[in-house]
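Each remark here refers to the structure printed beneath this line.
The structure displayed is predicted, hence computed values, not measured ones.
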Amino acid sequence: MKSIRIAAAQTPEFRENVGATLDYAVKVAALAEADGAALLVFPEGFLQCYLVDEPSARRVALDFTSAEFAAVLDRLPKSGLVLVMGLIEVDDGRLFNTAVVVERGVLVGRYRKAHLLRGERAFEAGKESPLFAIGDLRFGINICYDTNFPEAAGTIAASGASLILCLSNNMMPRDKAETFKERHNAVRGERCRETGLWLISSDVTGERDGRIAWGPTAVLNPEGQVVAQLPLEEPGLLVFDFPCIEPLSYRD
């Protein structure tokens, strides 16, 4: 059976410090590539931080036609490792919670978060769920809260993918974090069982201002079982040999 090595980073937060974020991303990418990974996933909102109030989000948002975004792409590896990274995008004045897919410093595509929390009113919802490919691997993207909606995973399955990339940011007040600690993988596992897809997640970790993020950064199989996971509350790199199986026929 063919396989492709994929990786996900469990990272600290970098609040409005794109330079430090990129320094960290480049180091992690070098580690992933040295370990033979073809795909590396970073968390939701990773580039500028997960900022949801409109003034802050608008202050750091990037227009993909801008020189600032071109400079970001220029910092990323040109060696062939495909990076998927969360960021805040502005397009014609509209804000989006976006994941970009970048290969050799070139923007291959993007996914905009479709299901928004009440606290994400600054953003507009995305309308499209594109399919991406690396060799025999076909994947789609969900961002955090998207995984609470079966149709989000179902759309990816119907496109012919075999893997969901789940970019997350679960920096929460401690009491809420305790409540959801075991639920993140449980909810994602439901989507895997419904669709027959695999899933790999990437999340932040650390503490600030009475909030805590444990992760999890994990791989789940089509039965919804956790088959690989990083230790909670520790930055790290999860590397996994993903079997490039033919996707199951999926019908909503």
[X] side-chain N/O to [Y] backbone N/O, donor-acceptor pair under 3.5 Å:
X	Y	value
Thr205	Thr11	no
Thr217	Ser202	no
Arg58	Gly93	yes
Arg138	Gly135	yes
Asp91	Arg94	no
Gln10	Pro231	yes
Ser56	Leu51	no
Asn17	Phe14	no
Arg121	Arg118	yes
Ser129	Ile156	no

Is the closest basic N to carboxylate O distance between [X] and [Y] below 4.0 Å?
X	Y	result
Arg112	Glu124	no
Arg5	Asp35	yes
Lys181	Glu178	no

Determine the minimum heavy-atom distance between [X] and [Y], stating which atoms define it.
X	Y	result
Pro173	Arg211	CD-NH1, 3.5 Å
Ser168	Pro43	O-CB, 3.2 Å
His184	Gly215	CD2-O, 4.0 Å
Leu81	Leu39	CD1-N, 3.7 Å
Ile88	Cys49	CD1-O, 3.6 Å
Ala125	Ala114	CB-O, 3.4 Å

Could you check whether [Y] and [X] have their ring centres less than 6.0 Å apart?
X	Y	answer
Trp198	Phe240	yes
Phe64	Phe69	yes
His115	Tyr145	no

Open item on the list: With salt bridge (charged side-chain N to carboxylate O under 4.0 Å, His left out) as the criterion, how do Arg208 and Glu13 come out once you've worked through the C-alpha distance, each side chain's angles and the decisive distance to 0.1 Å?
Closed with: CA-CA 9 Å; Arg208 64 165 170 86; Glu13 281 191 313; 2.5 Å; yes
Do [X] and [Y] come close enough that some side-chain heavy atom pair is under 4.5 Å?
X	Y	answer
Val100	Val84	no
Arg191	Val187	yes
Ile164	Phe139	no
Gln48	Thr21	no
Leu167	Lys113	no
Leu95	Glu89	no
Asn142	Leu165	no
Leu83	Phe42	yes

Do the side chains of [X] and [Y] join up, straight or via other hydrophobic residues, at under 4.5 Å, putting them in one cluster?
X	Y	value
Leu40	Val219	no
Val60	Val72	no
Val204	Leu87	no
Val102	Leu237	yes
Phe123	Tyr111	no

Task: Crowding at CD, Glu128 (>12 non-hydrogen neighbours, <6.0 Å) - done: no
Open item on the list: Are more than 12 heavy atoms, taken from residues, nucleotides or ligands other than Lys78, located less than 6.0 Å from that residue's NZ atom?
Closed with: yes
TODO: I would like to know whether Gln229 and Asn185 meet side-chain hydrogen bond (donor to acceptor under 3.5 Å, both in side chains); could you show each step before the answer?
DONE: CA-CA 10 Å; Gln229 181 170 311; Asn185 278 339; 2.9 Å; yes
Working to the nearest 0.5 Å, report the span between [atom1] of [X] and [atom2] of [Y].
X	Y	atom1	atom2	answer
Tyr50	Asn170	OH	CG	9.0 Å
Met171	Asp209	CE	CG	9.0 Å
Ile200	Leu238	CD1	CG	5.5 Å
Arg104	Leu73	CZ	CG	15.0 Å
Trp214	Glu182	CH2	CD	9.5 Å
Asp175	Ile212	CG	CD1	11.5 Å

Task: Member of Leu137, Ile134, Val239 meeting the side chain to side chain contact (heavy atoms under 4.5 Å, CB included) criterion with Ile6 - done: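 Considering Leu137, Ile134, Val239, a side chain to side chain contact (heavy atoms under 4.5 Å, CB included) with Ile6 is found only for Leu137.
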TODO: Give the C-alpha distance, both sets of side-chain angles, the deciding distance and a yes or no for side-chain contact (heavy atoms from CB on, under 4.5 Å) between Leu47 and Val18.
DONE: CA-CA 6 Å; Leu47 184 64; Val18 171; 3.8 Å; yes
Task: Evaluation steps, side-chain contact (heavy atoms from CB on, under 4.5 Å), between Glu223 and Cys192 - done: CA-CA 6 Å; Glu223 289 72 48; Cys192 293; over 6 Å; no
- [ ] Output, in order, the C-alpha distance, side-chain angles, deciding distance and verdict of side-chain contact (heavy atoms from CB on, under 4.5 Å) for Thr98 and Leu62.
- [x] CA-CA 10 Å; Thr98 298; Leu62 285 170; over 6 Å; no
- [ ] Under the side-chain contact (heavy atoms from CB on, under 4.5 Å) rule, what do Leu117 and Val52 come out as? Steps first, then yes or no, please.
- [x] CA-CA 10 Å; Leu117 293 156; Val52 295; over 6 Å; no
